[in-house]
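Below is one structure, written out as structure tokens; comments come after it.
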Amino acid sequence: MGMATALMDGEVGALVKVSAAVWVAMSYARLAAARLRPGAPRLLALLPVVALLCAIPFAFSTSTFRGTSAFFLAWLGSFKLLLLAAGIGPLDPSLRPSHFVCSASLPVKLRRQSKEKSQAPVRGPARILLSGAVIPGVIYAYQFKSSMSRYQLLVLYTFHIYFSLDLLLVTVHTVIHDLLGMEMEPQVDRPYLASSLRDFWGRRWNLMVPSILRPSVFRPVRALLGSAAGVLATFLVSGLMHELMFYYIMWRTPSGEVTAFFLLHGACAAAEGWWASHAGWWRPPRAAAVPLTLAFVAGTGFWLFFPAMVKGGLDEMVLQECQGMVVLMEQAARRLAGATDLVSSTM
């Protein structure tokens, strides 16, 4: 327990240093992009920042911080900078420094407030409370995994991923909204209502990923080889990046199962697109399409995606780190209470 607490304490210091390094690096990227035209010169100027973003996760010792920083920076941040090198959004050097840095280093696409309501409004407090109540229960349940069946454990992983992602995104939204007065586009739009794989991956689940893969992978490949090739290439890149994220988190050599999961979904999504292109062909009613889609996502996830997490022992890592975080918070509360008592006694 003491080792876990020391690790979490060290992560706070690393987070401060990393945040400063990211701010400096992204400020440089903004300046370089403003002075160089899109193309090879701008790309060469931004590549050192891309390399730094890919190296930053190694500054952390815990899977939580490594995984989060890898997703924010090594994946999304790097892709945004590569798009910037080509003169494609979402980054724009004309943005204010704070807006540019946040847009580049956070897993969001920022947009200015407007009077129009988003299609999927963020219900911050309610969602934070819900996810904050579910996640401790999931972590507590990990202690009894030895008595669970394989499928029960995989269901537990499903809840963990969904509510952790939801809590992370809503928290980031709240901070960005309050500090910068800007709105974020919705990130998860009721994936449990998806009526097809294209609907699930493209319009409902983890929307920051398709928003960055469309301009960087899908559109260029589609222009050269057609829509089906663009879909397959996009899912292939997504699978490879997920393998990289798992490596950052668990320090395990990729098994290929996650890439196979995304390639399978890419092939099925391409087949869906081909079928939909034929007007008048039979379509399943929505009442049947939704449960069929969710069953396919869950079934293939249990088969290919989640086993990579089980083999890597991610649950054990998360449990130990959460225990360390709880102890750290308890110590901070005691120190705060002691400081308060000291101030009270001197008054």
For residues 15-28, which side-chain donor-acceptor pairs fall under 3.5 Å, sequence neighbours excluded?
residue	atom	partner	partner atom	Å
S19	OG	L15	O	2.8
S27	OG	W23	O	2.7
Y28	OH	A45	O	2.8

(message) Suppose we screen for ring-ring contact (aromatic ring centres under 6.0 Å, His included). Which residues come up paired with F296, at least two apart in sequence or across chains?
(response)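 Result, ring-ring contact (aromatic ring centres under 6.0 Å, His included) vs F296: H265.
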May I ask whether [X] and [Y] are part of the same hydrophobic cluster, defined by side-chain heavy atoms of I, L, V, M, F, W, Y residues being less than 4.5 angstrom apart, directly or through others?
X: L263; Y: V217; value: no
X: W274; Y: L236; value: no
X: L95; Y: L83; value: yes
X: L36; Y: L31; value: no
X: V290; Y: L292; value: no

Minimum heavy-atom separation for [X] to [Y], with atom names?
X: L304; Y: A260; result: CD1-C, 4.0 Å
X: V231; Y: A269; result: CG1-CB, 4.1 Å
X: P57; Y: A74; result: CG-CB, 4.4 Å
X: D199; Y: A194; result: OD2-CA, 3.2 Å
X: I212; Y: P90; result: CD1-CD, 4.1 Å
X: V209; Y: S238; result: CG1-OG, 4.5 Å

(message) If the test is ring-ring contact (aromatic ring centres under 6.0 Å, His included), which one of W281, W282, W275 qualifies with H278?
(response) W281
Would a distance-only check, ignoring hydrogens and angles, find a side-chain to backbone donor-acceptor pair under 3.5 Å from [X] to [Y]?
X: R30; Y: L91; value: no
X: S63; Y: I249; value: no
X: S78; Y: W75; value: no
X: S211; Y: M208; value: yes
X: R214; Y: G202; value: yes
X: K80; Y: S103; value: yes
X: Y248; Y: C54; value: yes
X: R66; Y: W251; value: no
X: R42; Y: A33; value: yes
X: E257; Y: P307; value: no

Side-chain contact test, heavy atoms from C-beta onward, threshold under 4.5 Å: evaluate it for [X] versus [Y] and give yes or no.
X: L213; Y: F79; answer: yes
X: W303; Y: L264; answer: yes
X: P191; Y: N206; answer: no
X: L76; Y: L106; answer: no
X: V297; Y: L197; answer: yes
X: L81; Y: L84; answer: yes
X: D92; Y: F100; answer: no

Hey, what's the ring geometry for [X] with [Y], parallel, tilted or perpendicular (30° and 60° as the breaks)?
X: F246; Y: F305; answer: perpendicular
X: F302; Y: F306; answer: tilted
X: F261; Y: W201; answer: perpendicular

(request) Flag yes if more than 12 heavy atoms outside R37 fall under 6.0 Å of its CZ atom; otherwise flag no. (result)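 Counting other residues, nucleotides and ligands, CZ of R37 stays at 12 neighbours or fewer.
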(message) Tell me whether the count of non-hydrogen atoms from other residues, nucleotides or ligands lying under 6.0 Å of CZ in R35 goes above 12.
(response) no
Tabulate below the donor-acceptor pairs under 3.5 Å that side-chain atoms of residues 218-228 make, not counting sequence neighbours, or state none.
none

Quick check for you: to the nearest 0.5 Å, what is the distance between [X] atom [atom1] and [Y] atom [atom2]?
X: S196; Y: R283; atom1: OG; atom2: CZ; value: 10.5 Å
X: M241; Y: F71; atom1: CE; atom2: CZ; value: 9.5 Å
X: T293; Y: R204; atom1: OG1; atom2: CZ; value: 10.5 Å
X: F262; Y: L240; atom1: CZ; atom2: CG; value: 10.5 Å

(message) E243: which residues meet the salt bridge (Lys or Arg N to Asp or Glu O under 4.0 Å) condition with it, sequence neighbours left out?
(response)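 Applying salt bridge (Lys or Arg N to Asp or Glu O under 4.0 Å) to E243 gives none.
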(message) Restricting to side-chain hydrogen bond (donor to acceptor under 3.5 Å, both in side chains), what partner residues turn up for R198, sequence neighbours left out?
(response) none
(message) I'd like to check the side-chain hydrogen bond (donor to acceptor under 3.5 Å, both in side chains) partners of T253; sequence neighbours left out, ordered by chain and number.
(response)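 side-chain hydrogen bond (donor to acceptor under 3.5 Å, both in side chains) check on T253 returns nothing, list empty.
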(message) Assess whether a salt bridge exists between D189 and R203, defined as any Lys/Arg side-chain N lying under 4.0 Å from an Asp/Glu carboxylate O.
(response)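 Looking at R203 together with D189, the answer is no, because their closest N to O distance does not fall below 4.0 Å.
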